Amino acid sequence: MAKALRFPVKVMLMVTAIALLWVLFIQWKMASLPDGKLPPKEVGIVLGAALWQTEPSPALQERLNRAVQLYESGTIKHIIVSGGYDHANAELTEAEGMRNYLVDKGVRQSDIYLENEATNTYENMLFSQKIMRSNGWTSSVIITHRYHAVRALDIARFLGYEDPAVSPMDSRVLMMAWHKGRETLALTKWQWDKVRMVFGQQTEI
């Protein structure tokens with residue numbers, strides 16, 4: 001009986017070790033993303049998060065404040081705000097709430113482009129890419145939190161963005177342990193979805 005159990009125990013230990021290495025690799029990727037000075041880009045893409053009624057949540061404000069910094073410094077000339085309705089009874093799309101916040105912060109409304117349909121990160125990047133193409137833009141920086149930026153950047157590269165950059169930030173308002181754990185699962189799922197898409201299979205992103 002002991003010999004019969006050795007093989008499944010070894011397999012279980014191997015799977016556990018691989019899973020642990022994968023989690024550590026993802027955490028390293030998140031931590032090692034550079035957050036330094038960027039070369040000029042045509043557009044910044046702010047990825048949506050929750051609105052509180054019609055106001056951006058504190059976490060979303062962190063992303064928007066970073067966009068304002070990049071805009072005021074001349075690093076980006078335009079801003080795409082990406083996000084659809086947060087829930088069925090929402091008064092505004094995430095993009096509309098973000099636009100209003102940016103205008104209040106002094107960003108010219110003519111420099112803000114709304115992407116009002118996205119309901120997940122893949123759609124954020126896909127639909128924002130369409131806005132870029134319609135305006136003839138090729139250079140971009142993705143603006144989101146550090147835990148989220150690894151997946152967003154990987155999706156952008158998968159979609160064929162031209163040398164996309166990212167401006168990741170840590171959060172002072174989010175429970176980072178929870179969000180990093182959740183994002184580890186989301187990034188793992190994305191790797192599987194990516195393989196299925198490469199082979200032409202339909203998938204729920």
Side-chain angles (χ1 to χ4, degrees), residues 7-36 38 44-51 56-60 62-63 66 80-87 94-95 98 115 117-130 132 140-205:
F7 180 73
V9 169
K10 287 181 178 179
V11 171
M12 186 178 300
L13 289 173
M14 184 177 296
V15 170
T16 301
I18 292 172
L20 179 59
L21 288 172
W22 173 245
V23 170
L24 292 174
F25 173 71
I26 292 175
Q27 300 307 309
W28 172 78
K29 289 282 285 184
M30 291 178 185
S32 63
L33 278 175
D35 183 23
L38 293 167
I45 303 171
V46 186
L47 304 188
L51 295 180
S57 64
L60 184 52
E62 290 178 323
R63 299 180 186 183
R66 174 60 62 88
I80 296 173
V81 284
S82 177
Y85 286 104
D86 192 32
H87 53 84
E94 292 175 0
M98 289 191 283
E115 187 291 292
E117 303 298 328
T119 59
N120 56 52
T121 305
Y122 180 83
E123 291 181 350
N124 285 142
M125 303 315 304
L126 179 65
F127 299 158
S128 295
Q129 185 180 44
K130 293 179 180 179
M132 287 182 60
S140 61
V141 55
I142 303 162
I143 303 168
T144 189
H145 286 97
R146 178 173 297 279
Y147 74 87
H148 186 216
V150 174
R151 179 161 56 103
L153 184 60
D154 194 57
I155 291 171
R157 289 169 174 160
F158 178 79
L159 290 171
Y161 275 66
E162 185 176 318
D163 192 25
V166 66
S167 183
M169 73 219 66
D170 296 308
S171 178
R172 297 183 178 181
V173 299
L174 293 173
M175 295 177 58
M176 291 310 302
W178 187 88
H179 282 281
K180 286 182 178 180
R182 180 175 179 272
E183 184 61 24
T184 297
L185 295 175
L187 185 54
T188 302
K189 179 181 181 297
W190 161 244
Q191 298 307 312
W192 174 241
D193 288 337
K194 184 166 58 172
V195 171
R196 295 179 64 190
M197 293 169 71
V198 167
F199 288 96
Q201 297 183 29
Q202 294 293 326
T203 183
E204 290 291 330
I205 299 296

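What you see below is based on every heavy atom in this structure, not just the backbone, and it leaves out hydrogens, waters and symmetry mates. This is a predicted model, so every value here is computed, not measured.
- In this structure, Ile155 CD1 and Leu159 CG are separated by 7.5 Å, a value rounded to the nearest 0.5 Å.
- For the side chain to side chain contact (heavy atoms under 4.5 Å, CB included) test, residues two or more places apart in sequence or in another chain that qualify with Ala149 are Leu33, Thr144, Val166, Pro168.
- Of the charged side-chain nitrogens involved, none lies within less than 4.0 Å of a carboxylate oxygen, so that Arg157 and Asp163 do not count as a salt-bridged pair.
- The backbone N or O of Glu117 sits less than 3.5 Å from a side-chain atom of Glu115, completing a donor-acceptor pair.
- Residues passing the side-chain hydrogen bond (donor to acceptor under 3.5 Å, both in side chains) test with Arg146 are Asp170, sequence neighbours excluded.
- Counting heavy atoms of neighbouring residues, nucleotides and ligands inside a 6.0 Å radius, atom CD of Glu162 does not exceed 12 of them.
- In this structure Glu62 satisfies the side-chain hydrogen bond (donor to acceptor under 3.5 Å, both in side chains) test together with His145, Ser171, sequence neighbours excluded.
- Here the shortest heavy-atom pairing between Lys189 and Asp193 reads NZ-OD2, 2.7 Å.
- For Thr184, the side-chain hydrogen bond (donor to acceptor under 3.5 Å, both in side chains) partners two or more places apart in sequence, or in a different chain, are Gln27.
- Listed here is the closest heavy atom pair of Ala50 and Leu60: O-CD2, 3.7 Å.
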I would like to know whether Asp154 and Lys29 meet salt bridge (Lys or Arg N to Asp or Glu O under 4.0 Å); could you show each step before the answer?
CA-CA 11 Å; Asp154 194 57; Lys29 289 282 285 184; over 6 Å; no
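- Taking every heavy atom of both residues into account, Asp35 and Ser167 meet most closely at OD1-OG, 4.1 Å.
- The aromatic rings of Trp190 and Phe158 lie perpendicular to each other, with more than 60° between the two planes, well past the 30° mark.
- Residues Asn124 and Ala118 approach most closely at ND2-CB, 3.2 Å, considering heavy atoms.
- In terms of heavy-atom proximity, Tyr161 sits nearest to Gln129 at OH-N, 3.2 Å.
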Worked check of side-chain contact (heavy atoms from CB on, under 4.5 Å) between Leu51 and Ser57:
CA-CA 5 Å; Leu51 295 180; Ser57 64; over 6 Å; no
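- Residues satisfying the salt bridge (Lys or Arg N to Asp or Glu O under 4.0 Å) test with Arg63, not counting sequence neighbours, are none.
- For Asp86, there are no salt bridge (Lys or Arg N to Asp or Glu O under 4.0 Å) partners two or more places apart in sequence or in a different chain.
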